[in-house]
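Per chain, numbering begins at 1; letters A, B, ... match sequence-line order.
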2 protein chains.
Amino acid sequence: MATTLRDIARKAGVHPSTVSRILHNNQTVKISDATRKRILAIAKELDYQPNELARAFRLRKTQTIGLIIPDISNSFFSGISRSIEMSSYNAGYNLVVCNTNENIEKELKYVRNLVNRGVDGLIIATCQNNEKHLLDLREKKIPFVLIDRYFSNFKANAVFSDNKSSAFDAVKTLHKLKHERIAFLRGRPEISTIQLRLQGYLEGLAACGIAQDPELIAGKSFTAEDGYEATKMLLSLASPPTALLTSGNRIIIGALKAIKEFNIKLPDELSIIAYTDDLFTPFLACPLTTISHPLSEMGQKAVDLLLHEINNTNDNATTQIEVKTIFSMRESICELTTCRKTENV
Amino acid sequence: MATTLRDIARKAGVHPSTVSRILHNNQTVKISDATRKRILAIAKELDYQPNELARAFRLRKTQTIGLIIPDISNSFFSGISRSIEMSSYNAGYNLVVCNTNENIEKELKYVRNLVNRGVDGLIIATCQNNEKHLLDLREKKIPFVLIDRYFSNFKANAVFSDNKSSAFDAVKTLHKLKHERIAFLRGRPEISTIQLRLQGYLEGLAACGIAQDPELIAGKSFTAEDGYEATKMLLSLASPPTALLTSGNRIIIGALKAIKEFNIKLPDELSIIAYTDDLFTPFLACPLTTISHPLSEMGQKAVDLLLHEINNTNDNATTQIEVKTIFSMRESICELTTCRKTENV
DNA sequence: ATTCTGAGGGCAATCGATTGCGCCAATCTA
DNA sequence: TAGATTGGCGCAATCGATTGCCCTCAGAAT
């Protein structure tokens, strides 16, 4: 059995409360220096390790943060998680990681589970559809921060990126290169991130005087398979797109597979701007022009926000932080006329 | 405040113990069906959620697994973590994820921390150097499973891959293509995984009648930077390697950067076999011939082992599971003579 | 009529740490 | 010198759930 406060107290001939006060440097009650030193010595001798479970139970504070994300194996989330874990660790918190696989039922279960386990706060990349659980958290006064995705009809602490303007800029960039048939491979339409990118995309088209074409908006999930299927569909259109904006680390992988199968040359026959955070992009057959995220900044800011709320429970203000995506120009986009020429060679 | 057993008991006019027995279907004491139904109804009405913290404290069982890995943002570990989390969830366990950044001090701290928090078991990708903490775990009878890395002088539950034979085979494959100057970009030498791969590499050379050249064994950490520096060094040798075996998802990224800078053509001027689990490898400028891991299988088996030990605390046997890596032939290796010819064009 | 049995459920200790309150003795103040 | 203060520490309740043991009462057995 591990040493407890009682063991130390017994050995020292004092009361456990005294030991507790000494070990946690509680100043509300005075303890003589002699006793203090004696207790500390005994604690060290017995290699006392506080039972954090008992503490947590008593104090109603677990020093634990719950992280709910769709998929830790997606480099966007694993990058953010890494940063969140580091920041949490530095602040003395542990991190419980939960994958929802974009399944709202699982998300709800996880939230309840984590609440029952008494996490001090939650960071959530919600799969949307439903914000009841968040209202519930608020009612229970359990701090939480949304990351990447949020609800427009529901103000909460949140960290996300400049989805709309980055998509808008991407379209403009492509239009400057003379592209007009620009497809958007979006991912899950329910996600706020995606809706904003779609908005940026549409407004971009409008700003460039390009008519919308619903056929060019494709995809319904974030999987590589969906990216693959959607790209095949796009490339099979009577009038296929000359440029592609893809949204999601896995989607572009599926898209590349389809492009390879169709034997389409990048960027000559198709320009691509991809939202992705994978590190391999510079070394691809056609190095991708990408929009990536400041993952470590996002994670850190999320933890900062959460800790602030944990430590200032009375402060009901919410903060929304928008971080800037990083546009990396590489070789996967080129001017349309050039492309056509190449095509004719 | 959340509803407690007491609340239900009070409302039903019974003792909390009765409620507890009903809710957890404890059969050691008989409860009338009428009471049972009444209590269940009240529990539902009050939306009773057990305080898992209190349960954990009382039962000395947290339904939590600790996962200690070097870096969740490395796709090898994020893939395994994903699988571990899913298996844990299915078994009713939560997962606390900890990144050590290959720092043994941090690993020690984390182990102690998780033990103090009462995790039911641990899965550890140790950064090696030291196994004292594992002996300590064993003494405290806390179940744990090593993953990817283990200690040869210390039998424990472990899941790892066929490092030695895969490296051996890689060398043979390269030798069949007439390569004799085969470099090994290893990563952290302390890691058992690396030592085994090195052994396989050396035995492969021996089997092929190739003399060892210490110059061709490079690298000292798993970072992209180290991969970059080590590759530059290799490429600057008086007699540079004609083939490269890289070990680690990040290392190959650095290597590719160096190769690009040196303007070396793959595979003509350099053949590469890379240990990597990244999904982009098929789409690279030169699609990489890779050795990858069955991540999901590894995670699942680790959890299975751990749960077995958790549920059979008296069973002191340990199990070592070796999984097979996946060799994917792509375009980054070619016959040396061909290469030389290409070089002369 | 008395004893026995088992169904049904209450009692209270326990897990380990924390903390408001109270107590005693020594020292200080007036 | 009596009263006040304070340093130093103990007491016991508490957090919520669990569980071994005990109690009661009705019906069965003798």
Side-chain angles (χ1 to χ4, degrees), chain A residues 1-40 42-43 46-64 112-113 115-120 140, chain B residues 1-40 42-43 46-64 112-113 115-120 140:
Chain A
M1 263 343 227
T3 346
T4 69
L5 284 187
R6 263 183 178 63
D7 298 331
I8 300 180
R10 199 156 22 220
K11 183 146 186 173
V14 300
H15 196 268
S17 59
T18 304
V19 182
S20 170
R21 289 193 248 261
I22 291 172
L23 261 35
H24 289 285
N25 219 1
N26 184 323
Q27 304 287 359
T28 62
V29 166
K30 305 266 184 185
I31 308 282
S32 74
D33 233 42
T35 311
R36 180 180 309 276
K37 277 183 185 149
R38 194 156 47 94
I39 300 297
L40 288 175
I42 297 181
L46 298 183
D47 187 30
Y48 171 72
Q49 299 288 335
N51 180 329
E52 296 293 349
L53 212 52
R55 290 199 74 202
F57 173 49
R58 172 66 226 250
L59 297 176
R60 302 179 160 285
K61 187 113 183 15
T62 51
Q63 295 292 123
T64 299
R112 202 167 13 173
N113 177 277
V115 168
N116 292 345
R117 282 160 183 274
V119 293
D120 297 333
K140 289 182 176 151
Chain B
M1 261 343 227
T3 342
T4 68
L5 283 188
R6 263 185 179 61
D7 299 330
I8 300 180
R10 198 155 25 221
K11 183 146 184 173
V14 300
H15 196 269
S17 60
T18 304
V19 182
S20 169
R21 290 184 171 110
I22 292 173
L23 262 36
H24 289 285
N25 218 1
N26 185 323
Q27 302 289 359
T28 63
V29 166
K30 306 263 182 185
I31 308 282
S32 73
D33 233 42
T35 311
R36 181 181 307 278
K37 278 183 185 148
R38 194 157 48 93
I39 300 297
L40 287 176
I42 296 182
L46 298 183
D47 186 31
Y48 172 72
Q49 299 287 337
N51 181 327
E52 297 291 351
L53 213 53
R55 290 199 73 202
F57 173 49
R58 171 65 226 250
L59 298 176
R60 303 178 160 286
K61 186 112 183 23
T62 51
Q63 295 292 123
T64 299
R112 202 167 13 177
N113 176 277
V115 168
N116 292 344
R117 282 161 183 272
V119 294
D120 297 333
K140 289 180 178 154

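- Atom CZ in Phe57(A) sits roughly 11 Å away from atom C1' in dT14(C) (whole-Å rounding).
- For the pair Pro16(A) and Ala9(A), the tightest heavy-atom approach, listed with the atom from each and the gap, is N-CB, 3.5 Å.
- The side chain of Arg55(B) places no N or O atom within less than 4.0 Å of a non-bridging phosphate oxygen (OP1 or OP2) of dG16(D).
- Residue Ile22(B) contributes atom CD1, which lies 15 Å from atom P of dT19(D) at whole-angstrom precision.
- As rounded to whole Å, 13 Å separates atom P of dG8(C) from atom CZ of Arg38(B).
- The distance from atom CD1 of Ile8(B) to atom P of dG9(C) is 16 Å, rounded to the nearest whole Å.
- At a threshold of 4.0 angstrom between heavy atoms, the contacts of Gly13(A) are confined to the sugar-phosphate backbone, with no base atom among them.
- Within the helix from dA1(C)-dT30(D) to dA30(C)-dT1(D), the inter-axis angle between the opening and closing five-pair segments is 60°, rounded to 10°.
- Remark: side-chain polar atoms of Thr62(A) are not paired, donor with acceptor, to backbone N or O of Ala56(A) under 3.5 angstrom.
- A heavy-atom distance below 4.5 Å is not found between the side chains of Asn51(B) and Thr4(B).
- Within the nucleic acid shown, Val29(A) comes within 4.0 Å of at least one base atom, counting heavy atoms only.
- The two residues Lys61(B) and Asp120(B) come nearest to each other via the heavy atoms NZ-OD2, 3.2 Å.
- Between Arg60(A) and Ser17(A), the residue anchored closer to the 5' end of DNA chain D is Ser17(A), taking for each the nucleotide with the nearest heavy atom.
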Checklist entry - For Leu23(B) and Leu5(B), what are the C-alpha separation, side-chain angles and deciding distance, and is it a side-chain contact (heavy atoms from CB on, under 4.5 Å)? => result CA-CA 9 Å; Leu23(B) 262 36; Leu5(B) 283 188; 3.9 Å; yes
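- Residue Arg21(B) places no side-chain N or O under 4.0 Å from the OP1 or OP2 atom of dT18(D).
- Val14(B) comes within contact range of the sugar-phosphate backbone alone, with a heavy-atom separation under 4.0 Å but no base atom that close.
- Note on His24(A): every side-chain N or O is 4.0 Å or more away from OP1 and OP2 of dA17(C).
- Nearest heavy atoms, Pro50(B) versus Asn116(A): O-CB, 3.7 Å.
- Residue Thr18(A) places no side-chain N or O under 4.0 Å from the OP1 or OP2 atom of dG8(D).
- Following rounding to the nearest Å, Gln49(A) (CD) and dA17(C) (P) show an atom-to-atom distance of 11 Å.
- The CG atom of Asn116(A) sits 13 Å away from the C1' atom of dG16(D) (whole-angstrom rounding).
- In this structure, Leu59(B) and Ile31(B) both approach DNA chain C, and ranking their closest nucleotides by distance from the 5' end singles out Ile31(B).
- Residues Arg117(A) and Asn113(A) have side chains that bring a donor and an acceptor to within less than 3.5 angstrom of each other.
- Straight-line distance from the CG atom of Leu53(B) to the C1' atom of dT14(D): 14 Å, rounded to whole Å.
- Here the closest non-hydrogen pair linking Leu46(B) and Thr3(B) is O-OG1, 2.9 Å.
- Here Tyr48(A) reaches the OP1 or OP2 of dA17(C): one of its side-chain N or O atoms lies under 4.0 Å away.
- Distance CZ (Arg58(A)) to C1' (dA12(D)): 11 Å, rounded to an integer number of Å.
- Within 4.0 Å of Thr35(B), counting heavy atoms only, lie sugar-phosphate atoms of the nucleic acid but no base atom.
- In this structure, Ser32(B) reaches the dG9(C) phosphate: one of its side-chain N or O atoms is under 4.0 Å from OP1 or OP2.
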